[in-house]
Amino acid sequence: MTKDPQAKRKPENCAFVIFGVTGDLTHRLVMPSLYNLAAEHLLPEKFCVVGVARKSQSDDELRDSLMKGLRQFATRPIDDDTAKRLLECVTFVEADPKDPPSFDRLREHLDSLECAQETGGNRLFYLATPPAAFAPTARQLGRTGMMKENGAWRRLVIEKPFGTDLASAKALNAELLKIMEEHQIYRIDHYLGKETVQNILVLRFANGMFEPIWNRNHIDHVQITVEEKLGVGHRGGFYDATGALRDMVPNHLFQLMSLVAMEPPARFDAHSVRSEKAEVLTSIQLPSREDALKNSVRAQYLSGRIGDDNVPDYRKTEDVKRGSTTETFVALKLMIDNWRWAGVPFYLRTGKALGHKRTEVAIKFKQAPLSMFSGTDVDRLSQNFLTIGIAPTETIELQFNAKIPGPSITIDGVEMKFKYGDYFRADPSTGYETLIYDCMIGDNILFQRADGIEAGWQAVQPFLDAWKSAGTNGIETYEAGSDGPACADELLRRDGRSWRKFS
Ligand code: BG6
């Protein structure tokens with residue numbers, strides 16, 4: 001995490017190798033981020049990009065397609081000179097982990113490239129491939145000695161999903177750690193590239209006033225909401241095999257949860273911060289089958305209207321099985337077994353094809369113990385929520401009670417709202433620039449460590465198991481464009497609570 005934008009230094013020279021260079025992730029996020037870094041003079045002095053894919057093409061064909069991608073997905077107007085300089089350093093290599101000699105050729109290509117030599121041997125391998133290629137690609141990188149750090153650094157960047165359950169996540173970590181050291185692995189969760197998410201740490205630990213009340217004595221419960229308007233679009237095949245729980249909870253929602261719930265780290269460095277985050281996830285209570293079913297909600301969307309669009313039933317989406325039981329919405333009640341959070345529920349919910357887009361963490365403080373104002377019961381006082389808004393607007397908002405002007409004491413809930421955009425100007429970005437920059441300077445504070453990944457899967461595994469054993473029992477539905485299934489409201493109502501309304 002960068003403390004001061006002025007203090008940003010240029011990364012050491014390196015070659016940036018992208019596996020899956022023809023894919024969506026490369027065009028939509030990786031290249032536009034490299035472009036933005038180039039525009040801010042934050043790429044290394046000596047830098048080259050080697051694009052790798054299974055289907056052959058020439059360097060020029062690749063450059064053309066990347067240029068088209070930049071024109072389509074850049075977050076700022078393209079400056080032709082900057083784009084030209086970036087694309088000039090791109091070359092293409094055809095390689096497929098199923099064809100081991102192709103990786104020998106990749107190594108030879110890297111060794112022979114003048115610019116790759118000038119980089120002193122530093123290499124960053126970015127896996128922008130489907131997950132099935134992660135381990136086979138890493139194996140080939142290992143076999144050909146490309147991950148060996150002989151005086152130069154070698155790093156592997158890997159995108160989620162890191163496994164599909166606890167066992168597969170452990171297997172993937174074990175496989176990677178046979179080939180390289182933990183410090184060489186940069187597991188990206190794009191939520192950690194979001195400014196407001198990074199700011200949770202600053203809000204908590206750079207201010208003296210929140211930490212004393214950040215515990216079970218003052219906090220009633222925490223709500224983490226990631227609502228999306230989009231359905232599953234063209235990702236039906238991937239999504240149907242994955243579902244909302246696997247797609248969002250052990251990664252994105254748990255990143256938010258761990259930043260909110262972690263203990264203060266001893267130091268602001270990757271080791272301390274990641275240890276505290278893993279620790280809090282390890283402390284999530286593992287429910288019995290009955291409790292897992294009672295404390296979870298899963299639902300699938302039916303047709304409806306979102307804005308001007310008619311959305312079909314999830315089951316009628318391209319590449320989704322007609323009788324699919326995959327959830328497109330999940331809500332969970334989780335408890336953390338430690339001194340700070342004992343007895344404080346964390347309610348998490350996320351879903352697709354809802355009526356609005358909203359990502360937020362809402363911390364609900366306990367009500368005043370009694371009301372001294374006649375005619376206003378404690379129950380009728382507005383709730384004290386501190387809300388960290390991540391999307392659609394980046395905000396921090398405090399709700400409290402105030403006196404309505406006039407001769408009598410009447411009370412109403414009001415809000416104080418800080419909007420990032422009002423204070424700070426930042427060029428529009430993809431959200432990946434900081435992450436890619438951090439990989440190049442070797443700062444892995446914003447990346448996930450193996451133990452954090454496994455702790456996340458460990459916490460969701462009881463729900464996966466309970467759902468599997470329950471079969472189709474308990475799968476609810478909701479209308480596309482709505483606020484989600486009624487049973488999600490029930491999850492809180494039975495505890496005498498309710499979700500924060502969208503405002
Ligand atoms: C991805 C999921 O990791 O995150 C998608 O696979 C989801 O299904 C996306 O839409 C949400 O990201 P954001 O940044 O829009 O909240």
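Values below: all heavy atoms of this structure, side chains included; hydrogens, waters and symmetry mates excluded. All ligand and atom numbering here is 1-based and tracks the order in the structure.
Among Lys352, Arg358, His252, the residue whose heavy atom lies nearest to atom 7 (C) of ligand 1 is Lys352.
In this structure, atom 11 (C) of ligand 1 lies nearest to the protein heavy atom Glu228 OE1, 3.8 Å. Of all protein heavy atoms, the one closest to atom 6 (O) of ligand 1 is Asp247 OD1, 2.7 Å. Closest protein heavy atom to atom 14 (O) of ligand 1: Lys194 NZ, 2.6 Å. The closest protein non-hydrogen atom to atom 15 (O) of ligand 1 is Lys357 NZ, 3.0 Å. What sits closest to atom 12 (O) of ligand 1 on the protein, heavy atoms only, is His190 NE2, 3.1 Å.
With a 4.0 Å heavy-atom cut-off, ligand 1 is reached by no atom of Tyr239.
Residues Arg305 and Glu479 are not paired through a salt bridge, judged by the lack of any N-O separation under 4.0 Å between the basic side chain and the carboxylate. Comment: Arg139 engages Glu175 in a salt bridge, judged by a side-chain N to carboxylate O separation of less than 4.0 angstrom.
Phe385 and Phe365 have their aromatic ring centers separated by at least 6.0 angstrom.
Close approach to Tyr191 involves these atoms of ligand 1, each under 4.0 Å from a residue heavy atom: 12 (O), 13 (P), 14 (O), 16 (O). Using a 4.0 Å cut-off to heavy atoms of Arg235, the atoms of ligand 1 that qualify are 2 (C), 5 (C), 6 (O), 8 (O). Close approach of ligand 1 to Lys160 (heavy-atom distance below 4.0 Å) involves ligand atoms 1 (C), 2 (C), 3 (O), 6 (O).
Atom OG1 of Thr82 is separated from atom CG of Leu43 by 10.0 Å, given to the nearest 0.5 angstrom. To the nearest 0.5 Å, atom CD1 of residue Ile388 and atom CD1 of residue Ile200 are 4.5 Å apart.
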Any chance you could lay out the salt bridge (charged side-chain N to carboxylate O under 4.0 Å, His left out) test for Glu159 and Arg187, step after step, and finish with the verdict?
CA-CA 6 Å; Glu159 290 270 344; Arg187 299 178 191 81; over 6 Å; no
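Test Asp443, Ile441, Leu124 against Pro11 for side chain to side chain contact (heavy atoms under 4.5 Å, CB included) and you get one pass: Ile441.
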